[in-house]
2 protein chains.
Amino acid sequence: MAYRSTERVKARLSASRERIIAAALEIMAGHGYAGCSIAAVAERAGVATGSVYRHFPTKAHLFAEVFRTASQREVDAVAGAAARQATTAAQVSAVVETFAGRALRSPRLAYALLAEPVDPAVDAERLVFRRAYAELLAGYVAAGMASGELPPQDPELTATALVGALAEAMVGPLAAGVAGPSTIPNLVTVIHRALGVTP
Amino acid sequence: MAYRSTERVKARLSASRERIIAAALEIMAGHGYAGCSIAAVAERAGVATGSVYRHFPTKAHLFAEVFRTASQREVDAVAGAAARQATTAAQVSAVVETFAGRALRSPRLAYALLAEPVDPAVDAERLVFRRAYAELLAGYVAAGMASGELPPQDPELTATALVGALAEAMVGPLAAGVAGPSTIPNLVTVIHRALGVTP
DNA sequence: GCAAGAAGTGAACCATCATTCAAAACTTGC
DNA sequence: GCAAGTTTTGAATGATGGTTCACTTCTTGC
């Protein structure tokens, strides 16, 4: 037994893995999923194509993780912003503003995460992403109902519908390239009304 | 000049073209876009694979047309149902009920049209489909504002958001396979609130 | 019936990449 | 330095399925 991987090597492996994920994310944010061949990712990460397969069994696995990483970052940002608010109305405003603001600031990435055609196995990860938002929102809706701030409703359904509304409202502008300054406030208003926030 | 295509031949060509589109649609409704190879479509239409290319330059062109056909049918059904109503509230109810009812009755097709991963060129057609719904809704929203039935708002944005809400609310049930009997009425309620329909 | 042209055929072709793998380079403990 | 094992490499492989094309079959006008 003359060799046994040591901490230093493990750290390098792990760093390599991270670089691959980062490279994939960068290419996705720059050229969309379409531009993400394994060869391109490997080159950007500074490794050989074959090395990618030491870390991920298939391309789908790699991109599932890329999606998961990027999505988690988004959800965390939104959840963090919402958590700082006290009322349901303010929490929902924070969700919408954070979600939309970030999407408009990184349109290419947002498009890739929300709507770009991807491998079916990766698409599944997108559902998880959307569900995470829905569950975040559903929590606030349920709390709002409990406190009497919102009328009785099915929190899951409302939350799902709102996630769809948010995503769709972003994809349009992202494709068209422009969103007026009133887009976000108007969206907040619509969504407040949908929830039944008393004005 | 010994040959010049005649009416009879033109009719046969056209019939062939229609059969190809119909076959593609049937396979899509049965097995999703994933199961739609040109070979499978050709076989179902009763022609050779090469013949498909007499009618469509590429697979993407064929399926763009398939999507267009199917989408138009959906939009027409929804528009027809809404047109029979007098108030904005009733028109919007008709849109939601017709859209959702049809989707739940043909879940596989609905999933393919709404959310299944497809070729990017075909995906573009999906945007047209969604935009058609959005424009239909925007018209009713604008009319409702004009009549005072709805509060002031950006009809385009509201309509876009509602299309997203509808689609998202359908994709979950379509994937899971079930939608409770209260899904549609609840969805109508949420959307009425979003629009600001006075109860 | 025949020539000219159009439509139909389907097996072969080919481009694209994800994936593999044999060899090379590197690590480790002694 | 060496043996044993691990990681890296990147060109070759291979699967998929859209697309082509040389050939056959059909249609038309005379």
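Letters go in sequence order (proteins before strands), and every chain restarts at 1.
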Taking side chain to side chain donor-acceptor pair (under 3.5 Å) as the definition, give me every residue that meets it alongside Ser16(B), ordered by chain and number, with sequence neighbours left out.
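For Ser16(B), no residue satisfies side chain to side chain donor-acceptor pair (under 3.5 Å) once neighbours in sequence are set aside.
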
Most 5' of Cys36(B) and Gly46(A) on DNA chain D, judged by nearest nucleotide
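So the residue in question is Gly46(A).
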
Please give, in whole Å, the distance from [N] [atom2] to [X] [atom1]?
X: Phe63(A); N: dC17(C); atom1: CZ; atom2: P; answer: 13 Å
X: Leu13(B); N: dC26(D); atom1: CG; atom2: C1'; answer: 12 Å
X: Lys10(B); N: dT27(D); atom1: NZ; atom2: P; answer: 16 Å
X: Tyr33(A); N: dA18(C); atom1: OH; atom2: C1'; answer: 11 Å
X: Ile20(A); N: dT8(D); atom1: CD1; atom2: C1'; answer: 11 Å
X: His61(A); N: dA18(C); atom1: NE2; atom2: P; answer: 16 Å
X: Asp119(B); N: dT19(D); atom1: CG; atom2: P; answer: 9 Å
X: Ile38(A); N: dT19(C); atom1: CD1; atom2: C1'; answer: 9 Å

If you look at every strand shown and take non-hydrogen atoms under 4.0 Å, does Thr58(A) touch a base, only sugar-phosphate, or nothing?
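Sugar-phosphate contact only - Thr58(A) comes under 4.0 Å of backbone atoms but never of a base.
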
Identify, residue by residue, the members of residues 48-57 of chain B with a heavy atom below 4.0 Å from DNA chain C, and return them in order of residue number, or none.
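Close to the strand are Ala48(B), Thr49(B), Gly50(B), Ser51(B), Arg54(B).
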
Please report whether the ring centroid of Tyr33(A) lies less than 6.0 Å from that of Phe63(A).
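Distance test on ring centres: under 6.0 Å, yes.
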
Are Phe99(B) and Tyr133(B) an aromatic pair, judged by ring center distance below 6.0 Å?
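Ring-ring flag for Tyr133(B)/Phe99(B): true, centres closer than 6.0 Å.
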
I'd like to know if Arg17(B) and Glu65(B) make a salt bridge, using a cut-off of under 4.0 Å between side-chain N and carboxylate O.
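Answer for the salt bridge query: yes.
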
Check ion pair Asp76(B)-Arg73(B) (N to O, under 4.0 angstrom)
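Salt bridge absent between Asp76(B) and Arg73(B).
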
dC26(C), OP1 or OP2 - any side-chain N/O from Arg12(A) closer than 4.0 Å?
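Answer no for this pair, as no side-chain N or O of Arg12(A) is under 4.0 Å from OP1 or OP2.
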
Go through Leu114(B) and Met170(B) one step at a time and tell me if the side chain to side chain contact (heavy atoms under 4.5 Å, CB included) criterion holds.
CA-CA 9 Å; Leu114(B) 286 172; Met170(B) 283 301 105; 4.2 Å; yes

Quiz question: by atom type and distance under 3.5 Å, do the side chains of Thr58(A) and His61(A) form a donor-acceptor pair?
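Yes, a side-chain donor-acceptor pair sits under 3.5 Å.
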
